[in-house]
Amino acid sequence: MFNQFRKTLAVVGVLVFMLALAPVAWASVTPGSPEVREAVKGAVSYLDKELQAPGYDGMLEWAMLGYYGIGKDAGHLSKLRETQLAQGVMLSEAKSTDYQRTVLGAAAAGKSPDGYGGKNLLQSIISSQTLSGKFADTINGTGEKLVNAHIWGIISLYVAGQDIPRADLALRWLTAHQNADGGFSVDIRLDESDVDMTAMAIIAMACLDKDSGFLPVQKALAYLKEQQNEDGTFGAWGTSTAESCAQVVQALTILGIDPTADEWSKDGGNAVTGLLQYRLADGSFSHGSERLPNDMASAQALIALGDYQTGQSVYQKIRANMESK
């Protein structure tokens with residue numbers, strides 16, 4: 001009986017040792033790793049099937065960005081989006097972000113945002129900027145509460161190859177609404193910072209030519225580090241999600257920071273390995289612990305993994321292409 005007990009302890013000890021090693025091996029994933037390649041391939045397969053299903057009326061632009069980032073043509077999704085636009089789907093004057101997102105999709109498909117789907121998208125975004133430098137909450141130029149509308153106004157014009165109007169004021173408005181902890185909220189009336197919005201703000205500041213030496217960027221990075229979980233993941237409002245991990249990977253990449261570097265790694269992994277935890281058997285990504293296929297999570301994961309593989313932000317890639325035309 002005692003010998004059997006000793007054997008059991010030995011087996012348990014080996015298992016514990018193996019589990020202790022597992023995070024180290026998992027954290028060593030590289031841009032060329034089979035895990036990353038398979039995750040990209042699986043996400044594309046899932047999105048191709050899901051987004052082209054009859055009657056699909058969801059967002060297409062994030063997948064289009066993901067496709068561009070890995071060198072895959074997004075023309076077929078662009079045709080679907082233009083059909084949506086003709087039907088007035090997800091292009092409301094009450095939401096500047098509808099126009100901004102549509103510009104991103106058009107540029108990812110290699111199309112001019114001017115006249116895309118019969119809409120003057122760029123001029124509408126430019127005209128929405130207020131005297132404070134804020135890209136308004138609505139496309140008619142009203143509303144100065146939503147931080148995301150301002151952030152995506154900056155990013156969408158950058159991607160389209162446009163100079164940011166009143167860039168100094170746009171930057172000043174954004175940094176003036178950075179929270180004391182270094183993070184950003186989706187709405188200036190909220191004082192609770194959000195991982196996703198903070199990562200997006202970093203991307204917007206990078207689009208305004210600010211790097212990791214810029215104090216507000218440093219503060220935002222410090223906030224993100226504080227929010228990283230021991231398994232390498234990130235989350236919104238205390239709940240880890242694939243989208244949060246993906247946004248952090250994108251923010252770090254546009255700054256030229258390796259998201260798997262020691263500085264951004266915990267004992268259990270890093271932002272990339274944390275993101276890969278949400279991959280499902282069908283190639284899709286789950287939003288969170290519910291382990292159910294999610295279109296947004298899958299598209300955001302594809303963008304992030306494409307950035308990680310190439311070491312360049314998809315926003316930078318598209319801008320370079322738009323400027324070359």
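At distances below 3.5 Å, not a single donor-acceptor pair connects side-chain atoms of Lys119 with backbone N or O atoms of Leu85. Ser96 places a side-chain N or O within donor-acceptor distance of the main-chain N or O of Ala136, the cut-off being under 3.5 Å. Under a 3.5 Å cut-off, the side chain of Asn120 and the backbone N or O of Gln123 do not form any donor-acceptor pair. Put simply, the side chain of Arg81 never gets that close to the backbone of Gly117: no donor and acceptor are under 3.5 Å apart. Side-chain atoms of Asp267 never come within 3.5 Å of backbone atoms of Glu230 as a donor-acceptor pair (strictly under, hydrogens ignored). Checking side-chain atoms of Gln100 against main-chain N and O of Leu157 turns up no donor-acceptor pair under 3.5 Å. A distance-only check finds no donor-acceptor pair linking the side chain of Ser128 to the backbone of Ile139 [under 3.5 Å]. Proximity of a side-chain donor or acceptor of Gln218 to a complementary backbone N or O of Pro216 within less than 3.5 Å is not detected. A side-chain donor-acceptor contact under 3.5 Å links Thr102 to the backbone of Asp98. In this structure, the side chain of His287 does not engage the main chain of Glu243 through any donor-acceptor pair within 3.5 Å.
You'll find the side chain of Met322 reaches within 4.5 Å of the side chain of Pro113, heavy atoms only. The closest side-chain heavy-atom distance from Val103 to Val159 is not below 4.5 Å. A 4.5 Å side-chain heavy-atom check between Arg166 and Leu131 finds at least one atom pair inside the cut-off. Gln228 has its side chain out of reach of Val248: every pair of non-hydrogen atoms, C-beta onward, lies at least 4.5 Å apart. In this structure the side chain of Trp173 never reaches within 4.5 angstrom of the side chain of Thr130, judged on heavy atoms. You'll find the side chain of Leu280 reaches within 4.5 Å of the side chain of Pro293, heavy atoms only.
With hydrogens and angles left out, the side-chain atoms of Asn270 and Thr260 include no donor and acceptor closer than 3.5 Å. If you check the side chains of Thr83 and Gln87, you find no donor sitting under 3.5 Å from an acceptor. With no hydrogens or angles considered, a side-chain donor-acceptor pair links Ser132 and Glu144 at under 3.5 Å. Between the side chains of Thr233 and Asn229, at least one donor-acceptor pair of N or O atoms lies under 3.5 Å. For the residue pair Asp282 / Ser284, a side-chain donor-acceptor distance below 3.5 Å is found, with atom types taken as modelled. A donor atom on one side chain and an acceptor atom on the other are not found under 3.5 Å apart for Asn179 and Tyr223. For Asp114 and Ser112, the side-chain atoms include no donor-acceptor pair closer than 3.5 Å. In this model, no donor atom of one side chain and acceptor atom of the other lie less than 3.5 Å apart for Tyr99 and Ser92. Side chains of Ser244 and Thr241: a donor-acceptor N/O pair is present below 3.5 angstrom, by distance only.
Closest non-hydrogen pair, Tyr46 versus Asn294, comes out as OH-N, 4.1 Å. In terms of heavy atoms, Gln300 sits closest to Ala246 at O-CB, 3.4 Å. Nearest heavy atom pair, residue Leu65 against residue Val314, reads O-CG2, 3.4 Å. Minimum heavy-atom separation, Leu224 to Phe234: O-CE2, 3.1 Å. Pairing each heavy atom of Ala109 with each of Ala74, the nearest pair is CB-O, 4.4 Å. Between Ser33 and Thr30, the closest heavy-atom pair is OG-N, 2.6 Å.
Distance check: Ile155 CD1 to Arg319 CZ gives 12.5 Å after rounding to the nearest 0.5 Å. The OG atom of Ser313 lies 6.0 Å from the CD1 atom of Ile203; values are rounded to the nearest 0.5 Å. Atoms NZ and OH, on Lys49 and Tyr56 in that order, are 14.5 Å from each other to the nearest 0.5 Å. Between Thr253 atom OG1 and Ile303 atom CD1 the span is 11.5 Å, to the nearest 0.5 Å. Distance check: Leu252 CG to Ile257 CD1 gives 5.5 Å after rounding to the nearest 0.5 Å. One finds the CD atom of Gln247 at 11.0 Å from the CG atom of Leu275 (value rounded to the nearest 0.5 Å).
A salt bridge does not link Glu35 to Arg279: none of the charged nitrogens lies less than 4.0 Å from a carboxylate oxygen. Salt-bridge check for Lys72 with Asp48: passed, with a basic side-chain N closer than 4.0 Å to an acidic carboxylate O.
There is no path of hydrophobic side-chain contacts, each under 4.5 Å, that joins Leu169 to Phe184. Ile154 and Leu146 are assigned to two separate hydrophobic clusters, defined by single-linkage of ILVMFWY side chains at heavy-atom distances under 4.5 Å. Trp152 is connected to Leu190 through a chain of hydrophobic side-chain contacts under 4.5 Å among Ile, Leu, Val, Met, Phe, Trp and Tyr, so both are in one cluster. Met296 and Ile70 end up in the same hydrophobic cluster when Ile, Leu, Val, Met, Phe, Trp and Tyr side chains are linked at under 4.5 Å. Transitive grouping of hydrophobic side chains (ILVMFWY, heavy atoms separated by less than 4.5 Å) keeps Leu255 and Leu215 in distinct clusters.
Other residues, nucleotides and ligands contribute more than 12 heavy atoms inside 6.0 Å of the NZ atom of Lys317. Taking a 6.0 Å sphere around CD of Glu226, one finds it holds 12 or fewer heavy atoms contributed by other residues, nucleotides or ligands. More than 12 non-hydrogen atoms from other residues, nucleotides or ligands lie less than 6.0 angstrom from CG of Asp168. In the displayed structure, Glu93 atom CD is contacted under 6.0 Å by at most 12 heavy atoms of other residues, nucleotides or ligands. For Lys95, the NZ atom sits in a loose shell: 12 or fewer heavy atoms of surrounding residues, nucleotides or ligands are nearer than 6.0 Å.
Between Tyr67 and His76, the two ring planes are parallel [angle under 30°; tilted spans 30° to 60°].
Under the side chain to side chain contact (heavy atoms under 4.5 Å, CB included) rule, Phe214 has a single partner from Leu208, Leu171, Asp209, which is Leu171.
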One pair to check against side chain to side chain donor-acceptor pair (under 3.5 Å): Asp187 and Ser185. What are the steps and the verdict? CA-CA 5 Å; Asp187 189 310; Ser185 306; over 6 Å; no

Does the pair Phe135 and Ile164 meet the rule for a side chain to side chain contact (heavy atoms under 4.5 Å, CB included), with working shown? CA-CA 11 Å; Phe135 288 97; Ile164 310 300; 4.2 Å; yes

